[in-house]
Protein chains: 2
Amino acid sequence: MKQFHEYRNPALAIDLVVFGYHENMLSVLLLNRNEEPFKNGWTLPGAFLQMEERFLEACGRILKTKLGIGRLFLEQLYSFDEPDRDPRGRVISVTYFALVNPGKFEIAAGKMANDASWHDVKKMPELGFDHKDIFRKALERLRSKILYFPVGFELLDDMFTMTELHELYECILDISIDRRNFRRKILDSEYIVDTGLKREGLRNRHPSLYKFNKKLKQNNFHLNVS
Amino acid sequence: MKQFHEYRNPALAIDLVVFGYHENMLSVLLLNRNEEPFKNGWTLPGAFLQMEERFLEACGRILKTKLGIGRLFLEQLYSFDEPDRDPRGRVISVTYFALVNPGKFEIAAGKMANDASWHDVKKMPELGFDHKDIFRKALERLRSKILYFPVGFELLDDMFTMTELHELYECILDISIDRRNFRRKILDSEYIVDTGLKREGLRNRHPSLYKFNKKLKQNNFHLNVS
DNA sequence: CATGTTTGCGTTATTATGACGCAAAGTAAT
DNA sequence: ATTACTTTGCGTCATAATAACGCAAACATG
């Protein structure tokens, strides 16, 4: 019987699918690689897991070099095991997906990050490794998650109009949803609450501003779409 | 910059939560360890991932020594990263959960398996490593999955009565569900179809036998319970 | 001020759900 | 076989949720 740690182990990477939303467009953070393999190709941000590091610490380390620090939603997505997913050798990838409001972050200016940029999910370039599979799974997860868990506000400012939330849902799900039924459903669920404030218009003030209801009982929210 | 594979990597294990259902009892396959750590304690079946192996191959390897071979449902559950989850050193665990019909399998007789047995999920012993967390997550996943995806039949014989399916749901969810509403919901969804056969009784024949509808459009099925 | 758009609040028809009635079929005991 | 009890299959009905859409006040634009 072999002793512990005599086994050769596959390498272990963490890869991230970072979603951002801005101006009615859902986008993903991609890196333009400056080294082989896939030099000059696009990939998801990632890194090898350090010996003492937890998954979320690795996520933080990856994000810090690419984005400023701030609050963000992170959730484990899936672990990928295709033996040939990395041409350099066997690498298992544990993936996370993140939701950020690009307005609250900035793509960091360091030399490690001058290659990072947002890409419309509807116009994705070819991706290196098996990152297309990872991206597809992340988008699928986001689309199903948003139906039964209030994650939409993670992508918006602290205060937002009903129309902005509505458009976010239509954009992510890529369907049209009746504005009035959406409004009723969202308000009935107590997903968000009215702040009492109004957004400033040019001459006067117009739509009500809402914010996420932190006291929401989690499973009060379920959106059906057909 | 370090070269590839010069990094020391955490070890990578695959652990399984195998659910079985028999006689109105949901149970999990556990191993009584015959070596340290946790010698004589209970753990989930698992193994270290081999260098060239895929996750599902490792699952098959683990199961083959414990159970006879047969059709079974396997789905990736989650990856666990607590640095101290294994006292021998850093081990990442990629976990899967499985659904089997214990009637179709037998706990294998080999020396590697004389320590395997089924345990009622309601009377679980202490588990070694972080396997309690893994088990909890698996049960949670099974309970939510069964509401929107027809996995119940994986735990039953090829043909089963409506009452058997109903009792399975009540057992897994640990709630009581109105028999007549359950029946209507399940039949409306086309989750299962009537085989036209009847189960043999002592003097006569009694309840209709149903089987899983393989032509089911996936998202036709959603069970609400309150 | 005239015109078109956005926002907030309704109504209505249809469908889904929860609670439960009831009788035919099946079982067990005499 | 007769009786008493249980299981199964099917149905009803009140209530809740949903989809489709009307409408007017608030707002924006020229």
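This one's a predicted model, so the numbers in the text were calculated from it and none came from an experiment. Every chain is numbered from 1, with letters handed out A, B, ... down the list of sequences.
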Peer 1: Could you state the atom-to-atom distance from CZ of A:F182 to P of C:dG8 in whole Å?
Peer 2: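 These atoms are roughly 13 Å apart.
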Peer 1: Pick the closest DNA chain D nucleotide for B:T163 and for B:D178 by heavy atoms, then say which residue is nearer the 5' end.
Peer 2: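 Looking at the nearest nucleotide for each, B:T163 comes out on the 5' side.
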Peer 1: Taking only side-chain nitrogens and oxygens of B:S208, does any of them come within less than 4.0 Å of OP1 or OP2 of D:dT8?
Peer 2: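 False: B:S208 side-chain N/O out of range (4.0 Å or more) of D:dT8 OP1/OP2.
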Peer 1: Please report, rounded to the nearest Å, how far the C1' atom of D:dT18 is from the CG atom of A:L187.
Peer 2: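 The distance from CG of A:L187 to C1' of D:dT18 comes to 16 Å, rounded to the nearest Å.
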Peer 1: Categorize A:T161 for me: base, sugar-phosphate, or nothing, with a 4.0 angstrom heavy-atom threshold over every strand shown.
Peer 2: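 Nothing: the residue A:T161, judged by heavy atoms under 4.0 Å, touches no strand.
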Peer 1: Expressed in angstrom and rounded to an integer, what is the separation of B:R184 atom CZ from C:dC20 atom P?
Peer 2: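 Those two atoms, CZ and P, are 14 Å apart.
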Peer 1: Identify which nucleotide among D:dG9, D:dT18, C:dG8 has an atom closest to any side-chain atom of A:M162, counting heavy atoms from C-beta outward.
Peer 2: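 In terms of side-chain proximity for A:M162, the closest of D:dG9, D:dT18, C:dG8 is C:dG8.
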Peer 1: How close or far is atom P of D:dC10 from atom CD1 of B:I186, stated in whole angstroms?
Peer 2: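 Distance, rounded to whole Å: 15 Å.
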Peer 1: For B:D194 and D:dG9, give me the distance from atom CG to atom P, rounded to whole Å.
Peer 2: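 These atoms are roughly 8 Å apart.
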Peer 1: D:dA17 P sits how many Å from A:L223 CG, rounded?
Peer 2: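 From A:L223 CG to D:dA17 P: 14 Å.
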Peer 1: Given B:Y21 and B:F19, is the ring-ring contact (aromatic ring centres under 6.0 Å, His included) satisfied, shown in steps?
Peer 2: CA-CA 7 Å; B:Y21 176 79; B:F19 288 106; over 10 Å; no
Peer 1: Any donor-acceptor pair under 3.5 Å joining the side chain of B:R180 to the base of C:dG18?
Peer 2: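 Donor-acceptor pair under 3.5 Å: no.
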Peer 1: For B:I177 and C:dC20, what is the distance between atoms CD1 and P respectively, to the nearest whole Å?
Peer 2: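 That distance rounds to 16 Å.
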Peer 1: Taking it one step at a time, do B:F129 and B:F38 satisfy ring-ring contact (aromatic ring centres under 6.0 Å, His included)?
Peer 2: CA-CA 8 Å; B:F129 305 104; B:F38 303 106; 4.8 Å; yes
Peer 1: Should the side chain of B:R179 and the base of D:dG9 be counted as holding a donor-acceptor pair, with the cut-off at 3.5 Å?
Peer 2: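 In this structure, the two groups form a donor-acceptor pair.
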Peer 1: When you check the phosphate oxygens OP1 and OP2 of D:dC10, does a side-chain N or O of B:R183 lie under 4.0 Å from one of them?
Peer 2: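 Result: yes.
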Peer 1: Among A:F160, A:F182, A:F153, which residue satisfies the ring pair (Phe, Tyr, Trp, His ring centres under 6.0 Å) criterion with A:Y169?
Peer 2: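 Only one of A:F160, A:F182, A:F153 forms a ring pair (Phe, Tyr, Trp, His ring centres under 6.0 Å) with A:Y169, namely A:F182.
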Peer 1: Specify the separation, in whole Å, of atom CG of B:L209 and atom P of C:dG26.
Peer 2: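 The answer, rounded to whole Å, is 13 Å.
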Peer 1: Check every atom of D:dT18, D:dG9, C:dC20 against the side chain of B:N181 and return the nucleotide holding the closest atom.
Peer 2: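 Between D:dT18, D:dG9, C:dC20, the one nearest the side chain of B:N181 would be C:dC20.
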Peer 1: Does A:N224 make a side-chain donor-acceptor contact with the base of D:dA17, cut-off 3.5 Å?
Peer 2: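 No pair found.
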Peer 1: More than 12 non-hydrogen atoms from neighbouring residues, nucleotides or ligands closer than 6.0 Å to NZ on A:K145, yes or no?
Peer 2: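 More than 12 heavy atoms, drawn from other residues, nucleotides or ligands, come within 6.0 Å of this atom.
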Peer 1: Looking at A:K185, I'd like to know whether one of its side-chain N or O atoms comes within less than 4.0 Å of OP1 or OP2 on D:dA17.
Peer 2: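 No, outside the criterion.
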Peer 1: Assign the ring pair A:Y191 / A:F212 to parallel, tilted or perpendicular, where the plane angle (0 to 90°) is split at 30° and 60°.
Peer 2: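 Aromatic pair A:Y191/A:F212 classed perpendicular.
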